[in-house]
There are 2 protein chains.
Amino acid sequence: MSQLSESTEMYLKAMVELGLNEIVSISRLAERLGVTPVSANEMVRRLGDQGLLTHTPYKGVALTKKGREAACNVVRRQRLWEVFLYEHLHIEWAKLYELACSLEHATAPELTEALATFLGDPKFCPRGNPIPAVDGSFLPLNGKTLSATQVGETLKVLAVNATATDVLKYLQERNVLPGRELTVLEAAPLQGPLTLKVGDKDVALGLSLAEFVIVK
Amino acid sequence: MSQLSESTEMYLKAMVELGLNEIVSISRLAERLGVTPVSANEMVRRLGDQGLLTHTPYKGVALTKKGREAACNVVRRQRLWEVFLYEHLHIEWAKLYELACSLEHATAPELTEALATFLGDPKFCPRGNPIPAVDGSFLPLNGKTLSATQVGETLKVLAVNATATDVLKYLQERNVLPGRELTVLEAAPLQGPLTLKVGDKDVALGLSLAEFVIVK
DNA sequence: TGGAATAATAAGGTTTACCATAACATTTTA
DNA sequence: TAAAATGTTATGGTAAACCTTATTATTCCA
Ligand SMILES: [Mn+2]
Ligand SMILES: [Mn+2]
Ligand SMILES: [Mn+2]
Ligand SMILES: [Mn+2]
């Protein structure tokens, strides 16, 4: 049964990244995957036929049990590779996601588990996100998104959810990294940018970027 | 320019595995890649159009300079991964080729070189084959194929060229592995099998398998 | 409640990399 | 040197995963 294609795995992973147990609209899925809504619609039908997800027209898409298992497995491979690339190969933080995103599809189960053992069964990736266990279980991050905080709060960065290398590079250069502390100095009105104090530097961060930063 | 497709990379790698600088017939290439000669012909035309190889009708296919560089780079990635899988993840010897054969296509140049450094710039893979340098240069193995030896000779295994997991498993189980010594006890007539002494066991080896074993 | 926005479906097209079958060309070998 | 084997090309098909342009359906909101 069932070697899933790279494309299929990316659709499943996107469903997890957009929120496990969320109902995701096809347009959001399409945007995340960089395809047209029409294409995403076609793919969703195919994945539906394979029993990986369900689509309720005009509502959105949700993973089935089978789909969630497969999806968590992709995420597991991805984040284990991120750990390896960071800790052993010393690859630049902002490039981890992209490089691991290729490897994840070329990684047999046997290899995944050998890698996990080699790495000492890490629980988090260098972006601060939890690594699903073999059985698919997930430590939820209980934090909130930086875009939903009040001026004056001092917070610790738990994780960065972004995936695009240029976004990650922007955050890396400004030290908005897991483990760092920051203070919200100002929130410009009308969905304007946040001004943060990170270390001794002021950082401007658009709300859409702030969405990617999980803090506590 | 030019991210090569997985399929393209496999054709190029096959050209190296069938003998760098050899002229290879399309049928041999087809057989190695598990496609029909007609399909191989089509692909060879495409790779020819990209300037990666040249095809002389009724003679065979040869890599161009550009093709040889790309091909050696694929082989480099493959064999570096084999080293990693063997030495660090302790993957079974017979499975190295197959697992590394997926990873090789998902490995960016930056990652390849970080991996090489991590591994200490190894010169040989666990199957005994040389790892091409970044510039494509190759230490040639100067040995001969086991199928071309005389009864009575005692030889050391330099490398195993096989790629199919079942073939590798067969050889592994009989200790026909790089570094091992063996003696040719008998060569059955009419292209019949060889009988070898490996350690204290007798091993029967068909000539087509013996082709894969490089000895000195 | 009606128009705008969003979502879905239909229809036709592309590219890559395969397949089979058939016809034809060249080389090998008996 | 003719038949057999091997190699090439032509033709037509398939499947996956994309695309665009329309058309139709639903939902949201002013
Ligand atoms: Mn990926
Ligand atoms: Mn491969
Ligand atoms: Mn269609
Ligand atoms: Mn055609």
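Letters go in sequence order (proteins before strands), and every chain restarts at 1.
Contact between the side-chain N/O atoms of B/T36 and the OP1/OP2 oxygens of C/dC19 is found at a separation under 4.0 Å. Taking only side-chain nitrogens and oxygens, B/S5 never comes nearer than 4.0 Å to OP1 or OP2 of C/dT16. Here A/K59 reaches the OP1 or OP2 of D/dT27: one of its side-chain N or O atoms lies under 4.0 Å away. At least one side-chain nitrogen or oxygen of B/H55 sits closer than 4.0 Å to the OP1 or OP2 atom of D/dT8. Put simply, B/N41 has a side-chain N or O that comes within less than 4.0 Å of OP1 or OP2 on D/dT9. Between C/dC18 and B/Y11, a contact under 4.0 Å exists linking OP1 or OP2 to a side-chain N or O.
What separates CE of A/M10 from P of D/dC18 is a distance of 10 Å, to the nearest Å. Rounded to whole Å, atom C1' of C/dA25 lies 14 Å from atom CD1 of B/I26. In this structure, CG of A/L29 is placed 12 Å from P of C/dA7, rounded to the nearest angstrom. Between the C1' atom of C/dC18 and the CG atom of B/L47 lies a distance of 14 Å, rounded to the nearest Å. Per the geometry, OH belonging to B/Y58 stands 14 Å off P belonging to D/dT6, to the nearest Å. Whole-Å rounding puts the B/E6 CD to D/dA16 C1' distance at 15 Å. In this entry the distance linking CG of B/L12 with C1' of C/dA17 reads 15 Å, nearest Å. In this structure, the CD atom of A/E42 is 12 Å from the P atom of D/dA16, given to the nearest Å.
We find that A/E113 and A/R76 are joined by a salt bridge, their nearest charged nitrogen and carboxylate oxygen being less than 4.0 Å apart.
When heavy atoms are screened at a 4.0 angstrom cut-off, A/S39 is found touching base atoms of the nucleic acid. Within 4.0 Å of B/S7, counting heavy atoms only, lie sugar-phosphate atoms of the nucleic acid but no base atom.
Between the A/R77 side chain and the A/H105 main chain, no donor and acceptor come within less than 3.5 Å of each other.
Between A/N41 and A/R45, the side chains place no donor N or O within less than 3.5 Å of an acceptor N or O (distance only, hydrogens not considered).
B/H88 and B/F118 have their aromatic ring centers within a separation under 6.0 angstrom.
Under the side chain to side chain contact (heavy atoms under 4.5 Å, CB included) rule, B/S147 has a single partner from B/V213, B/L207, B/V215, B/L209, which is B/L207.
For the pair A/P57 and A/G34, both in contact range of DNA chain D, the more 5′-proximal nearest nucleotide belongs to A/G34.
Nearest nucleotide to the side chain of B/V38, out of C/dA7, C/dA10, C/dA22: C/dA22.
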